[in-house]
Every structure is written in C-alpha cells, then in structure tokens.
2 protein chains.
Amino acid sequence: MTLRTCLFIGLSLSCICFANAQQDFTQYVNPFIGTSNFGATHPGAIAPRGMASVSPFNVAGDDTDLEKDSRWLSNPYVYENSFLTGFSHVNMSGVGCPDLGVILSMPTTGALETDHLRYGTTYKNEIAKPGYYSVELDNGIKTELTASTRVGVSRYHFPAGKANLLLNLGLGLTNEHGAVLKFNSPTEVEGSRMVGSFCYNNAESAYPIYFVARVSAAPENFGIWDKPATYNGVEAQWMTYNGKTRLKEQFMKEVVGDSIGAYFNYDFKEATQVTLKVGISYVSIANARENLDKEVGASDFDAVYAETKKAWNDKLGVVEVTGDDRDDKTIFYTALYHTQIAPSILNDANGEYPEMNTRKTKHTGGTRYTVFSLWDTYRNYHQLMSLLYPQEQLDMVNSMLAIYDENGWLPKWELNATETFTMVGDPAAVVLADTYLRGITGFDVQKAYKAMLKSADTREANPLRPGIGEYIDLGYVSYDSHIKGPVSTTQEYNIADYAIARLAEALGDKKTAKRFDQRALSYKKLYNKKSGFLQPKMGDGSWYEPFDPLAGANFTENPGFIEGNAWQYLFMQPQDIEGMIQLMGGNQKFEAKLDALFKQGQFDMANEPDIAYPFLYNYLPGKAHKTREKVDELIATYFTNKPAGLPGNDDTGTMSAWLVYAMMGFYPMTPADPGYTLTQPQFEEVIIHLNPQFYERDALVIKNERSRESEASGTFSLNGKSLSTKYVDHKTWVEAGEVIFK
Amino acid sequence: MTLRTCLFIGLSLSCICFANAQQDFTQYVNPFIGTSNFGATHPGAIAPRGMASVSPFNVAGDDTDLEKDSRWLSNPYVYENSFLTGFSHVNMSGVGCPDLGVILSMPTTGALETDHLRYGTTYKNEIAKPGYYSVELDNGIKTELTASTRVGVSRYHFPAGKANLLLNLGLGLTNEHGAVLKFNSPTEVEGSRMVGSFCYNNAESAYPIYFVARVSAAPENFGIWDKPATYNGVEAQWMTYNGKTRLKEQFMKEVVGDSIGAYFNYDFKEATQVTLKVGISYVSIANARENLDKEVGASDFDAVYAETKKAWNDKLGVVEVTGDDRDDKTIFYTALYHTQIAPSILNDANGEYPEMNTRKTKHTGGTRYTVFSLWDTYRNYHQLMSLLYPQEQLDMVNSMLAIYDENGWLPKWELNATETFTMVGDPAAVVLADTYLRGITGFDVQKAYKAMLKSADTREANPLRPGIGEYIDLGYVSYDSHIKGPVSTTQEYNIADYAIARLAEALGDKKTAKRFDQRALSYKKLYNKKSGFLQPKMGDGSWYEPFDPLAGANFTENPGFIEGNAWQYLFMQPQDIEGMIQLMGGNQKFEAKLDALFKQGQFDMANEPDIAYPFLYNYLPGKAHKTREKVDELIATYFTNKPAGLPGNDDTGTMSAWLVYAMMGFYPMTPADPGYTLTQPQFEEVIIHLNPQFYERDALVIKNERSRESEASGTFSLNGKSLSTKYVDHKTWVEAGEVIFK
C-alpha cells in the first residue's frame, strides 16, 4: 500500500491498512543510525519512498572534517560534523557515491549573507523521527522538517528582528552545477538544478530536477543572488563587479548560473513561524507545482507530518516483533525504515516521469520507481520486498521493464532515468526471475525473459555485460580483457545465468535452462586447486601472476576483483553451494576454509559479495549452530542503536534488509531460488502481515521458544513437523501460518 | 508607418504607404558602411527597428586581429576580420560597448565539432542589403540571412554528405554567461541566454533573452552539447569526463550551462537547403514561440525577405533625393537605414514586454522601444525622428514615460529594460521637451514635466544627476565632488535645464521657466577668461590645477571632461550661442577660437559633444559660407561608401542623423529649440514626405539651385522671401511646401 492510496482513503474513512493502526512503530525508528561510519543515510524527513526529502546538510565548511569536496563523500549529513549550511530537498540514502543533495533552504538572522561559509552555523538538540527532523540552530532559529512524497516542508521559528530565508541552488552534494531560478510572486519561486554523474560516471546524462517553492509569509523584500565565475581576460580590468555576488532585487525573470540562490528578507516585530513548501519533479516545473498543490496545498506543517507519520506506521506495521530489548526493536524497525527509502518514486502525482536517457515525458498508470542499485539489492532486498511489500516489488519489476522498453536494456544501476553503469554483473535478470518464482507474476514475464536473454547473449555493444563474448567462449572474463574485476564479473554472470536458467525452467524452455545451468557453473574454471581460491586467468588459460589472495582488501583496485579480494569472493556461488563444497574438497575442508575467512578477519560485513557467508554453515551437516552464532555475533558487532550502527554504506537498504531477515530468523540464500535458510530469530515473536492480494494467508507468525543461551542449534517446527534449517521453500514458508523455533 | 501596420494592410490590398512604393531605395543602402573604423554597425539582416537581427559573427578566433575578448570591442562583425564562427541572432548596432551578439547558428560539414575555434571558417563573396545578407563559407555552405521584426531566418545551402547545424549558446559578444536549452522535437529547440552588463556596468541587472528555433528539415540525429567548467578539487581525479564536452543525444529536458549548444546532424543524399527560423522575446519562451508563429509561421525565406525589403522601402522612401552621385545617395540612404535600427522594438507581437529592472511582464497597446542612448541621441537623432517618423518619435517618448512609471526615473542609457547609467547628463528632459515643442504632443506632457523636474531638483539619491545638490548651490559640479567629468556634467545639466525652461514656458509655468533659464547659463562659472576655456573648478571656487586644454584627447580620462578635452567641450552651449559668443569676446574672437579648434585638429567628428560646431559659423555675421565649407569637408572626409565610412561609433544612429541632416542642408542646432540652422544641401532636390497625421503639409521640397563650386554662402528662399541661414523655426520649415537654395 502506498502513501497516496492510504491518504486517499483516509480523507473520509479511517485508513484501511493491513497493519495494526493503533500501534506507533515510528517510535522504534532512529534515523541517526547510519549517519556515521559511512552508513550514508541521513536523518532528514522523508515519506516512504519519497521523491522529496529534507535533510540537514553539514558537509560543506572550511573546518568540516568530512567535507564533501575534500574526499569521496556520498551523503549530505555526517553525525560528527557540526557546521550546518542548510537543508537539502532531494537526497539519496545509503549510497556510496555523491549525487543530489541540492535545493538547500537556510534560515538566517540579521543582514543578508549569501555565502554559505558565512551564514552556516553550529546547532544542537537534534530530533529525528520518520517524517520529522528538528534542530536548534545556534543562530537562534529552531527548524522543523517534514515531507510528503514529492514535497519538502520546513517550519522556521524566527525570533523578532531582521531575518532571511535562503534557497541556495549553488551548493550541493552533487558535482554537477547549473541552475535556473525565477520568482513568480514575492512568495513563490520556481526553478531547476542540474544533477548527475553519479559515481563520477556517465556525465553526459546529467539532468535537471525541477521545483516550486512557496513561503507562508510575504517578505519585506526578495530577490536572486548570482555569483558568476570570475573573469580572467583583459576585460576583467573594466569589470568592477568581477567575482562579486550580484543581488537581483525583485527580479522576476529567469536567472541562470552555477552559483545562484533566492532570498526572502523579513523584519519580524515578534517571533514568527514561516513555513516553506518545496514541490519537486523530474519532469517539469508545471509538474512540481502540481505535486505541491495536490499533495500539500494549504495543509500546514503539522497536517503534513501527521499524514506522513501515518504512512510510515502503515509501512512499518507490516512486521510486528515482540521482545524486551528496545534497542533490538529500534535497530529492526530502523532497518525496515531504511528499506523503504530507495527505490523511490520517480513519477509525478499525475503519472508523468522522464524516459531513460532522452528524458522525454512518459506516463505510468502505476508507479515508476527509481534508484535501482541492483548489484546490491539483487542479493536480498528484492526478496524481502516480495515478501513484505509485494505490490511495490511488482511495481519495481514493471519499472525495470519500462526501462527496458525505453532503453533497449534492463537497468544495472539506474538513477532517476539515467543508467549510471555502476558496479559489475547483470543483476536485473536475477531480480526478475526471483520475483516471478516467488509467485509475484503480474508482469509481462515473456518480455522480462526476452530482455534478460538479450543481455546474456548479445556479444557486441552490450552495455550490461562487457566481456560477454569471451565469457561465452571461455567460461570466464580474462585478465587481459582489461575489464575491471574479471573474476568478480564472471561470478556475477554465473549468478545471473543461474537465474535465467530457473526462469527458463519455469517457462518450460528446457533447452535454454540447460544452456544457462551450464553457464552458471563456469566459475569453476577460475578455481585454482593449488591455491584454493578463484583467481584471475589470462585469455590463453594461464593464471595471472602474481596471485595475492589479500590484494583488494579495503576496496583497493586489484587484478581479479571488484571491491574485494579473493577471500571475500571465494564463496560467492549461492547458485551452486553443494558444488562449491565439493570443489573445495568436501564439508570439512569447506568448513575449515570458511572458519579461516572469519578468523583471519577477511570477512567484510560492509560489502555485499560475502554477506550471505554466515549462513553457509547451515549447509554443512550439524553446523547450523555456527550460522546462529556468527549471525548473532555480526548483529551485535555491526548493528547498533547508534549513528555508527551500520557496518558501512547501507547500499539503498541492502544492509538493512540483511538485518531484517537475520533478526526474523531466515535468509534468502540463493537469488532466483525462492527459498530461505533458517536460524534463530532475535525476537520472542515475529508477526509478518502478508498482503492478501498476493498471499493466501494474511500472516506468518514466527515464535521463538528457545533461550538464546542454549548451545544446540535448534530448529523450526511447522504444524509439529520439524523444518530443516538448511532450506525451506518460499511457498511452504508463507503458507505456514505459524512456525515455532525450538 | 511600422512594418507591422504595413504588412497588415498589405495582406489583401496593396500596401498603402506615403512613400513612393515603386522605387527601390534599398539599392542605395550599403550595410557594410560602419563595419570598420569602429563604426560598430553590422552587415546582418534586420527589419526596421527589429528585435531580432542575424549578423555574421567574426570576432572570435585565435588569429583574429580584432578579437572580442582581447580588447574593448563592441560589435559582432569587423570587416577586416576573416574567421567566421556563426550568425548571431540578437545584436546592437553602432554602440560603443559589447553586449548581446548571442544565439549563434552555424552550418558545418563532416563530423560534429562543437568548438567554434575548430568549426569556424573563412568565407568570401559577402552580399549585404537591407534585410538580407549572404556569404559563401569556405566549408562549402552558402548561407543567406533575413529577418522579420522578432524572427531571424537563415537559409543554408548544404552540399551532399554529412552536415550539421549548430546553435551555440555559449559563444557571444556579451560578457555575461549562462543559458538554458531544451528540445521540444527533433526540429524545435527552445531556450534562453543571459546577457547584460553593457559597458561593464550594472551587472546586477543581467537578464535573459528567450528564443524558439525551428529547422525545416528533420535531422538524422540531434542533441545538446555541454562543456562544463573544469573541476579542480580532489574529486577531479575520479572525473574521467573532467573538462570534456558532453554530447547529450536526443535529450529532451532543459540543459543549463555557460557553454552549451544544440546540434542537428544531417546526412544529405544531395545538395539540400535547410531553413532555420529563430523567434526572439525578452518576456518568455511562450512569447518567442508566438512571435515566430505570428510573424513568420510557415512563410519561406524569400517571402520573409520580400516583406522586410518592402518595410525598408517604406522607411527609406520617406526622403527622396535627386542627384548624380550614386555614392552620395548611398551614404545618405545608408545613414537613414542606420537611424532605423535603434531604438528597437522591445515588446512582443502580443504587446508584452519586461518592466524596468524587475522584468515583471507588462503590456503596451503601442510600441515599447528600447536602446535609448540618450547622451548621443538627444542632440539630433530625436529631432530627425520627429520630422521624418513622428509616430515612432511619439512612441519613443511614451516608452520613456513608461520607463519613468516603472522605474521612478526617466531613462539615461536604457537597454532592454535595464538602466545602464552610461555617460553623463540628464538627456531625457531634452528629448521630451524638444518633441513637444516640435508639435508632437500626443503624450502626457504633465507627467513628462513632473519627471524631468524630479531629476532636476532631487538633491539626494538621484541616479540621473549625481552632484545635483552642488550644481544647484554653486552652479557647477566641482572637481572634488569626485564625479567623473565635472565640467562636462555641468554643461549637460545646463542643456537639460534649458530644455526644462522651454517646456515650462510652453506650459505657462513662468516661475520655473525663469529658474531653469538661470540654471542653464551656469556654465559661465567654469569659463576662465585667462585661459579662454571651461575648466574644472574646486568646491571652494578655485581652479583645479594644473589645467591642460589637451588632457582628455583620444578618450583618455581627465579631470574635467568625459570622452573629450577642453577644446572639444568649449563650444557646447547650444542653449546660449549668443551668450557664449559674448563671453568669449565677441564675434571675431569667437570665430578665431573656432577656427583654431579645427586648425589644431581638436575637432572630433567621432564623438558627440562637438558635432554641431561646424554650424556655429552660421551664427557669425557673414560667416555662413564657413559652415558650408566645413560641413562639405567633414562629409567628404568622414562619410564614405566604404566599410570605414563612418567617423567612429555610429552611436545608435546619431552620426548617421548628423549626416542625413547635413546632406539635406539643415541642422537642429539647439536641443529643445524647435528650429534649424541651414546650409547648402548635397543633392539637387530633397523631398521629405511628411506624415499627415502630424503635419499639415504632406511634403517639404528642398531645391538646390546653386552649384557647389560657388564661393558665396548662398541662402534659402521661401515663396520668394529669403530665409536666414542662421535659424528657421520648425513650423515655418515643415509648412513651407517648397524651399529653394540659391
């Protein structure tokens, strides 16, 4: 259920949601989790999957430790920083590259100052809740933020005296520049801001975000500031204005520039609240205005927040957990919260959205989602969405197919209708197959099948699978192909091919299933029995020398792997767990190697390739307790109710999805294999409300009747029958009604 | 008669114009005159007083002598340059500062190249006529240009093969930057381009020009190029695209940037003509589209040119001259042509135009003119307009009053609804009074009177008359006021005050007339009898030392004068010719001093303060022949049928107005005194068609029955009665019907 459906019904009736409407789940969300330790989340206000969000922006300042331009920094807010220069109205959460973080509002007192290094301020007493953030700025202005899906709303508590409200279109987290601003009246300004080149990539696709901003109080004066680039030619000697900021008072036409902003000047006789509403669109200014009018209109701050809070409760209430530890509940619901930010909504209230690349205006009757960080999310995130929010997962799949229609290719790392080509592999195929195989079939599966075969089999000019020809011919991408991370890439292609095989099988295409089942095992060609590792190989079949299994730790570049080393990628064959155990010499040798990974500190909880490894012990007879112990340990170590309480980048909810699954006691081990491997839940009871439009039962109740201290591994029982912790299929699981861990 | 009126009537009837419709006056116009020697005109295509014009642009290039960024250069085209980088669609003519010269189209062959230094080309066989220009580019593409009032139209004759049509929004004559571009279809692109800071002044008022551009042939491909500024931070190491031009193929949303352009790629099977139509507006893109649709629509190049040619003939045909010398006719009609470019039309076809400074959208039922270079044009230009084009002069006066309404002040040097504050004095008062006193009274004279008194009497925060308090108190602006050119400024204020006195007198306000008549003579306080010059004076009444009458030659800065020296300003008391003769010691001494000016080479035909001086001999008994000789000599020396055929900047038609008057044999000696001083015409006969809506007679015929070689001064006779060459009042002159110079 989306916010909008809920709100629509909610106008006259009480909102009909399948979750418990009385309980306030938002109390268990701490949006500061992930705002340190490079979690890259932000504590700002956002509605579920909101296009707009309003985040404090504290990464620009001379004395700022984690300064946006002095290093690779991907978030508008860092908990440890202390110098705030505004509130950005479009933001990403949990990503590893800088982009967006633009359209910054800022309230100031005294004379007008347009340089953020001078108008910035320290602050105190931050409060963050789902859909709400407040802070006391040390310039004396308390600020509150909330948001509907496409509108950011701020309330500024100005003291008496001279004050200003700024809208800075120059400052931003993105490395793109260029904006347009135009006042329509003393209380409304519209414009656009260029963003893009996410991950310092595909800069040609940089694109505008549109907005319309309204203030609730007519200003004494208003205008636009513009600081053009300093001129260096001989003409500079005649330009008395060279390098200076220009104030264009009451100027009513477009102003274009890299460093421009709008200002509203006030002179308050008494302390006064001013509300700023900023409607956002990726299509046009007209649509930004329509979004503003339709979603917020004349509603005040409190009304907008109340609706958004309700929307969050509907989202979070899909899972109810019972337990004594408030921190456990907090990290759980915060993780669930973080899974509901990206993919976010790209289409406007009227259904319009920009087509891939060309950005021609298109229309959807459903929801066009964006921010598909598929290298991350194919592993567990979409499986979780299929379970908890199947309608959203269906809309996401349909969005991916729309991208294919528009673009000719499925997405890889799609962001706001641009393909950023970030990371490796061909993860879209996995998501499509996995969704279908979990019974969410309300999409054109033949088109999906055709699309995934296209990227799997197109040998030339294939943007999704570089090296595909060699991969088909040799079974691997060679070191001398000069494709980055040839071993990782081969492994990822294997996983995608396995997904294609599974869908082919389901669709009755046995021949294709067989072909791709074979392709899915070609990782074995890169396994060097002597070293016991997957290693980069040359096109002529010889091993790349020298081989260092540690090369690639800490995200450094290395000949074989992307964002990891040979240890971290060693066990990444979820499609062939039994086969890889045999390849490595059987259960005991495999266990020893897996133990060594953890003991030698080579396991990296902060990045995706190895995050399923703790569950591999479940596949070794009698070793399931090790999965339970390792998962317990990882949760305790890396997931805490603190700003640093994520292991690293949240990766658009992938790390959070891991935590949600791990705390509920099951994990989707093999992408495109609709099943789970099981372990002990972290709560006494977990109730999963299932969407009756997709599932026969309306809930799955998981009871945990064992003490955590028990040393035995424990097992689940369903209707009195014991379930293997190794594997239970999705259908059995969701139709169980009640399972008990004993 | 404006183009639009004429066209409107012309649709079904033949166009009713008061000029002789059969004769082709455009054959006598050479638009290359003034394109060298800093005349600052351009040879491009323009309709009378057009908002749009299309000019070849050849002032950007590494090997270009007169390169726009390497020096003070105020025109898009210089005759001697040879490297063409496009055709600019909004241009000024005859001004002394760079601005506009933007929205450059350029046809190229072969692969797409977006760097003007690489796609630029040499050229040959230029042809320029009113409303038409053509050139053979050495890239093989013949190009023809024409224009309606608000639309530039180009026709490109592409050879077979790969070709491109570029629209460069980065390159421009203006020093402002920033543009927006958006494709609406493969054949239509819209956008805006920032311009302003004319004369390196008032950069805060920089503003956008809007356009909609359509091509007649669907391209193979299209897109936008963007070359962002090169990034210098630590992040630059990750930006593989840093400093490179991006091609945004088939991109359908706004792109913002300082260096952007649109491209259309073609691959012609055979030689093909492509027409580009660019509608312009200062209000909005919607208005630019409406201008394009209303004025040009589906009309082809030839039809647009035919209408514009007709409009030019209607304009030029207001004066018919008879004589044997084709060059004389050419310099005369070219001068008349150059008086019909600025002031130009600011309002759109629907009557909308931007308000002063704020640029709020306003509406006029008439014509809102712009480009009021009043320091130049108050001296003779508006007098000529009152005589030849009284409806236009009335619309100009009403435009000036609209500016006062919007702005609170009359214009000084208005450009596209910005006040550029260029030059000194308060010339608007002169234009308003002069127009009224010549019988063109269809404006709110009381408002005009109030407006001129405001700038004359407001002692504080007076943007038009700096130093006004001191001027009122002491009779002059002192050197130690730190106001530039205090002597020039005092002289200009005197002239403006004389105009106010004359209007006060006409309105029956005797007290004010007396007060301003006194103020108009205060220049005498700056006359140093010892030196025989007007000199800068200190606030305490002492002379500024040292005094050098030559300081200020060649436009150098000097303590007393603006753009001139003490010689050049000595006789600039047109309001008190008799008084100044007496001040300087009577007729003989005055004559000797005037002779000395010319003999010593201190007379400057290229700048306005002294251009009326040749006519001063008419005021010395028996010396009228010296006026005739001097005027003959100046015309022969400075005005020729060559690119260098103007003495310097045309100053929005002021130099051309001087020539038109001089060649017709009379000159408006004293601004705000509706009369003329006379001399021998350069033609056998001059017929001035008078607008019957403003004048009783429909024509004034001036017959020249004396040979030029005669040594005596000659005189005019009217109905057999001899007229003094010294002075004839406007009413007598325009009602004479026929005058004969014998």
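Since we're looking at a predicted model, the values are computed, not measured. We use all heavy atoms of the structure for the numbers below, so side chains are in, but hydrogens, waters and symmetry mates are not. Residue numbering restarts at 1 for every chain, and letters A, B, ... go by the order of the sequence lines.
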Nearest heavy-atom contact between A:Tyr200 and B:Trp238 is CB-O, 3.2 Å
Looking only at B:Pro98, B:Pro208, B:Gly233, most heavy-atom pairs under 4.5 Å shared with chain A are made by B:Pro208
Verify whether one side chain among B:Tyr241 and A:Ser197 offers a donor that lies under 3.5 Å from an acceptor in the other.
-> yes
Chain B contacts, top residue of A:Ala229, A:Ser284, A:Ala203 (heavy-atom pairs, under 4.5 Å) = A:Ala203
By a 4.5 Å heavy-atom criterion (distance strictly below it), what part of B:Tyr282 contacts chain A: side chain, backbone, both, or neither?
-> backbone
For A:Asn175 against B:Met239, the heavy-atom pair lying closest together = CB-CE, 3.5 Å
Using non-hydrogen atoms only, which part of B:Asn201 is less than 4.5 Å away from chain A: side chain, backbone, both, or neither?
-> backbone
Nearest-0.5 Å distance, CG of residue A:Asn184 to NZ of residue B:Lys360 = 12.5 Å
Pick one of side chain, backbone, both or neither for B:Trp72, based on which atoms fall under 4.5 Å of a heavy atom in chain A.
-> both
Portion of B:Ser205 that has a non-hydrogen atom of chain A nearer than 4.5 angstrom | backbone
Contact part of B:Asn357 toward chain A, heavy-atom cut-off under 4.5 Å: side chain, backbone, both or neither?
-> backbone
Nearest heavy-atom approach of A:Val256 to B:Val180 is CG2-CG2, 3.6 Å
Between B:Tyr231, B:Trp225, B:Tyr210, which has the largest tally of heavy atom pairs under 4.5 Å with chain A?
-> B:Tyr210
Does any heavy atom of chain B fall under 4.5 Å from the side chain of A:Ala179, the backbone, both, or neither of them?
-> backbone
Contact class of B:Arg71 relative to chain A, heavy atoms under 4.5 angstrom = backbone
Within a radius of less than 6.0 Å around CD of A:Gln237, do more than 12 heavy atoms belonging to other residues, nucleotides or ligands occur?
-> yes
Consider only side-chain N and O atoms of B:Lys253 and A:Ser192, and report whether a donor and an acceptor are under 3.5 Å apart.
-> no
Value rounded to 0.5 Å, distance of CZ in A:Arg193 from CD in B:Glu254 = 15.0 Å
Which pairs with one or both residues in residues 231-251 of chain B pass salt bridge (Lys or Arg N to Asp or Glu O under 4.0 Å), sequence neighbours excluded?
-> A:Glu176-B:Arg246
